[in-house]
Amino acid sequence: MPIKIPDNLPAKEILNQENIFTMDESVAYHQDIRPLRIALLNLMPTKETTETQLLRLIGNTPLQVEFVLLHPKTHTSKNTSVEHLEMFYKTFEDIKDEKLDGMIITGAPVEQMEFEDVNYWEELTQILNWSKHNVTSTLHICWAAQAGLYHHFGVRKFALENKMFGVFPHTVQVPNTKLLRGFDEVFHVPQSRHTDIRREDIEQCPDLEILSESEESGVYIAATRDGKHIFVTGHSEYDACSLKWEYDRDVSKGLTIEIPKNYYPNNDPSRQPYNTWRAHANLLFSNWLNYYVYQETPFELNANINESLASSQL
Ligand SMILES: CC(=O)SCCNC(=O)CCNC(=O)[C@H](O)C(C)(C)COP(=O)(O)OP(=O)(O)OC[C@H]1O[C@@H](n2cnc3c(N)ncnc32)[C@H](O)[C@@H]1OP(=O)(O)O
Ligand SMILES: N[C@@H](CCO)C(=O)O
């Protein structure tokens, strides 16, 4: 939340230099507040687990959020029941004439396919195009980050020889960036993917900025300079046991899979793993919701959503 401080307090200038958001008393008195409307486009087969993980993070802020769950209409879900989808989910068709304050697009276990072979690719590209003008900020996770970077900027993904699997140390690349406000200089994030994107390809796109990366697991967060599109390659939303569940699943299927790195105490898969990334996951989502959605979105959502904070009344 922005700090409301007297108009002339000297600390204001120092905090502004650190990119800490402050608000003059005069502006604060004119704020109108309404719930934020955020969609979760859930592409995961394990939909209920993902709903819980993301709602837990979005719920940990003082902001009131109205959640809209979306699934791709052009994909028939094997692992989620029709009853669950009919009861709780909408499709793009239902909301395409509306505007949203924010949207989260999840990962999907389709990263080893060509994008165009994913059976909901056409629908997803329509949603990605629509998000440019109808959503204040969109956060893409894992495969959705690769899909968004490919669709919007032509950045390609590459197959990795070995799965990037474990909990890796990451660093902040751009000091004082609002998305990583309050982060430690080194923090941990679970990664679980068979493909990668390259720093050099992102650097070719002047609209994009790399905000965080890891020496071992590569780019973690890239974003457009206006904060409208945020691409996150890791799974900070994962529970303590998510990597264990994936590891046990692959072992039981007889697949070749390494033990997730930096995860089990003493690297021993018979021991219970610790969650060492939860605090940063909470910060990432609350920073996104606050600085990229709440502070930027107009009070009248159907007005021009690209209007700047200066002209918004939220
Ligand atoms: C890189 C990332 O983004 S990581 C995020 C992805 N991680 C996860 O999903 C972890 C949890 N998922 C899993 O462990 C597995 O997918 C399981 C156990 C749920 C099911 O695995 P399997 O039985 O081997 O495969 P299954 O044939 O059911 O297909 C799995 C999913 O792949 C996706 N999929 C497979 N083929 C296609 C296709 N042609 N087009 C689109 N999606 C496809 C679907 O999402 C499908 O599940 P859904 O129909 O319920 O949505
Ligand atoms: N996180 C995924 C990677 C596959 O896309 C899994 O192991 O299920």
Side-chain angles (χ1 to χ4, degrees), residues 40-54 69-86 88-89 91-92 104-128 139-151 155-168 189-197 217-221 230-261 263 269 273 277 281:
L40 171 63
L41 175 57
N42 194 345
L43 306 176
M44 293 285 276
T46 47
K47 287 201 172 19
E48 292 179 40
T49 304
T50 305
E51 287 156 22
T52 313
Q53 290 170 342
L54 290 166
L69 294 168
L70 299 176
H71 76 103
K73 187 180 176 180
T74 45
H75 173 76
T76 306
S77 189
K78 272 202 213 166
N79 298 281
T80 307
S81 70
V82 175
E83 292 75 28
H84 185 79
L85 294 177
E86 281 180 353
F88 300 111
Y89 277 72
T91 66
F92 176 55
I104 299 169
I105 313 181
T106 69
V110 292
E111 49 165 341
Q112 284 159 304
M113 290 178 195
E114 293 300 324
F115 290 112
E116 292 78 4
D117 291 339
V118 172
N119 59 22
Y120 50 80
W121 181 248
E122 173 60 31
E123 183 180 358
L124 181 62
T125 59
Q126 283 174 24
I127 299 173
L128 292 172
L139 187 102
H140 312 65
I141 299 175
C142 202
W143 178 76
Q146 298 179 338
L149 283 167
Y150 174 69
H151 180 69
V155 171
R156 290 185 304 139
K157 65 179 159 77
F158 294 92
L160 289 165
E161 211 168 301
N162 297 307
K163 185 176 183 182
M164 187 61 67
F165 197 31
V167 181
F168 297 95
V189 184
Q191 295 280 354
S192 176
R193 51 191 161 76
H194 299 277
T195 54
D196 202 12
I197 45 166
S217 57
V219 173
Y220 171 42
I221 303 179
I230 294 171
F231 306 100
V232 179
T233 64
H235 282 288
S236 74
E237 79 285 1
Y238 267 16
D239 297 320
C241 283
S242 302
L243 296 182
K244 173 179 165 50
W245 184 83
E246 293 179 355
Y247 175 69
D248 292 346
R249 174 202 65 198
D250 291 354
V251 168
S252 71
K253 280 185 176 173
L255 300 174
T256 308
I257 183 77
E258 303 264 322
I259 296 174
K261 287 190 181 163
Y263 181 55
W277 56 90

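Note that ligands are numbered from 1 as they come in the structure, with each ligand's atoms numbered from 1 the same way.
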Novice: Taking the side chain from Asp196 and the backbone from Leu160, do they hold a donor-acceptor pair closer than 3.5 Å?
Specialist: no

Novice: Just which atoms of ligand 1 are under 4.0 Å from any heavy atom in Val110?
Specialist: 33 (C), 34 (N), 41 (C), 42 (N), 43 (C)

Novice: Check the surroundings of atom CZ in Arg156: do more than 12 heavy atoms from other residues, nucleotides or ligands lie under 6.0 Å from it?
Specialist: no

Novice: Need the list: ligand 2 N/O atoms against protein N/O atoms, distance under 3.5 Å, rounded to one decimal.
Specialist:
from	atom 1	to	atom 2	distance (Å)
ligand 2	1 (N)	Ser192	O	3.1
ligand 2	1 (N)	Ser192	OG	2.8
ligand 2	1 (N)	Tyr238	OH	3.4
ligand 2	1 (N)	Glu246	OE1	3.4
ligand 2	1 (N)	Glu246	OE2	3.1
ligand 2	5 (O)	Glu111	OE2	2.8
ligand 2	7 (O)	Lys163	NZ	2.6
ligand 2	7 (O)	Glu246	OE1	3.2
ligand 2	7 (O)	Arg249	NH2	2.9
ligand 2	8 (O)	Arg249	NH1	2.9
ligand 2	8 (O)	Arg249	NH2	3.1

Novice: Tyr238: which residues meet the ring-ring contact (aromatic ring centres under 6.0 Å, His included) condition with it, sequence neighbours left out?
Specialist: His235

Novice: For the pair Phe115 and Trp143, name the ring-plane relationship: parallel under 30°, tilted 30 to 60°, perpendicular over 60°.
Specialist: tilted

Novice: Return a yes/no value: protein heavy atom under 4.0 Å from atom 25 (O) of ligand 1?
Specialist: no

Novice: Would you say Trp143 and ligand 1 have an N/O pair spaced under 3.5 Å apart?
Specialist: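 For ligand 1, there is an N or O atom that lies under 3.5 Å from one belonging to Trp143.
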
Novice: Check each heavy atom of Glu111 against ligand 1 and say whether those closer than 4.0 Å belong to the side chain, the backbone, both or neither.
Specialist: side chain

Novice: Under 3.5 Å, N or O to N or O, is Thr46 touching ligand 1 that way?
Specialist: no

Novice: Could you tell me whether the side chain of Glu258 and the main chain of Phe165 form a donor-acceptor pair under 3.5 Å?
Specialist: no

Novice: For atom 35 (C) of ligand 1, which protein heavy atom lies nearest, and how many Å away is it?
Specialist: Met113 CE, 4.0 Å

Novice: Give a yes or no on whether the backbone of Ala240 and the side-chain of Tyr263 come within a donor-acceptor separation of less than 3.5 Å.
Specialist: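 Checking the backbone N and O of Ala240 against the side chain of Tyr263, a donor-acceptor pair under 3.5 Å is found.
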
Novice: When you compare ligand 1 with His75, is there at least one nitrogen or oxygen pair between them that comes in under 3.5 angstrom?
Specialist: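 Between His75 and ligand 1 (N or O atoms, distance only) the closest approach is under 3.5 Å.
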
Novice: Could you tell me if any non-hydrogen atom of Thr76 lies under 4.0 Å from any atom of ligand 1?
Specialist: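 A heavy atom of Thr76 does come that close to ligand 1.
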
Novice: With a 4.0 Å cut-off on heavy atoms, is Gln146 in contact with ligand 1?
Specialist: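 Checking ligand 1 against Gln146, which is what was asked, there is no heavy-atom contact under 4.0 Å.
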
Novice: Looking at non-hydrogen atoms alone, which of Thr233, Asn79, Asn119 comes nearest to atom 30 (C) of ligand 1?
Specialist: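 Checking each option, the heavy atom nearest atom 30 (C) of ligand 1 is found in Asn79.
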
Novice: Hey, could you give me the NZ/NZ distance between Lys163 and Lys261, rounded to the nearest 0.5 Å?
Specialist: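 With rounding to 0.5 Å, NZ (Lys163) is 13.0 Å from NZ (Lys261).
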
Novice: Look only at the side chain of Lys157 and the backbone of Glu111, and say whether a donor-acceptor pair between them is shorter than 3.5 Å.
Specialist: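 Yes: the side chain of Lys157 pairs with the backbone of Glu111.
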
Novice: Short list, please: which atoms of ligand 1 are under 4.0 Å from a heavy atom of Gly107?
Specialist: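 What qualifies from ligand 1 is 3 (O).
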
Novice: Look up atom CG in Leu43 and atom CG in Leu70, then write down how far apart they are to the nearest 0.5 Å.
Specialist: 9.5 Å

Novice: So which heavy atom in the protein is nearest atom 22 (P) of ligand 1, and how far is it from that ligand atom?
Specialist: Lys253 NZ, 4.2 Å

Novice: Asn42 versus Leu69: any side-chain heavy-atom pair under 4.5 Å?
Specialist: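 Counting from C-beta outward, Asn42 and Leu69 never come under 4.5 Å.
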
Novice: Quick one: NZ on Lys73 to OG1 on Thr91, what's the gap to the nearest 0.5 Å?
Specialist: 5.5 Å

Novice: Please report the interatomic distance CZ(Arg249) to CG(Leu255), rounded to the nearest 0.5 Å.
Specialist: 8.0 Å

Novice: Verify, without hydrogens or angle tests, whether Glu123 (side chain) and Thr74 (backbone) share a donor-acceptor contact under 3.5 angstrom.
Specialist: yes

Novice: Got an N/O contact under 3.5 Å between Ala108 and ligand 1?
Specialist: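 In this structure, Ala108 places an N or O atom under 3.5 Å from an N or O of ligand 1.
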
Novice: By number and element, which atoms of ligand 1 are closer than 4.0 Å to a non-hydrogen atom of Tyr120?
Specialist: 41 (C), 42 (N)

Novice: Using a strict cut-off of 4.0 Å, indicate which atoms of ligand 1 neighbour a heavy atom of Glu246.
Specialist: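 Here the atoms of ligand 1 in question are 10 (C).
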
Novice: What residue and heavy atom of the protein are closest to atom 4 (S) of ligand 1, and at what distance?
Specialist: His235 NE2, 3.2 Å

Novice: Please list the nearest protein heavy atom to atom 5 (C) of ligand 1 with its residue and the distance rounded to 0.1 Å.
Specialist: Met44 SD, 3.5 Å

Novice: Consider ligand 1: state whether an atom of it lies below 4.0 angstrom from any non-hydrogen atom of His194.
Specialist: no

Novice: So is Trp121 in contact with ligand 1, going by heavy-atom distances below 4.0 Å?
Specialist: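 For ligand 1, residue contact (heavy atoms, under 4.0 Å) with Trp121 is absent.
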
Novice: Is there a protein heavy atom at a distance of less than 4.0 Å from atom 2 (C) of ligand 1?
Specialist: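 It does; a protein heavy atom is within 4.0 Å.
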
Novice: Looking at ligand 1, does any of its N/O atoms fall within less than 3.5 Å of an N/O of Trp245?
Specialist: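 So ligand 1 has no N or O lying under 3.5 Å from an N or O of Trp245.
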
Novice: Starting from atom 13 (C) of ligand 1, find the nearest protein heavy-atom neighbour and note its residue, name and distance.
Specialist: Arg249 NH1, 3.0 Å

Novice: Can you tell me if Glu116 has over 12 outside heavy atoms packed within less than 6.0 Å of its CD?
Specialist: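 Count over threshold, so yes.
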
Novice: Looking just at side-chain N and O atoms, do Gln146 and Thr195 make a donor-acceptor pair shorter than 3.5 Å?
Specialist: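 Thr195 and Gln146 do have a side-chain donor-acceptor pair below 3.5 Å.
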
Novice: Would you call the rings of Tyr89 and His71 parallel, tilted or perpendicular, where under 30° means parallel and over 60° means perpendicular?
Specialist: perpendicular

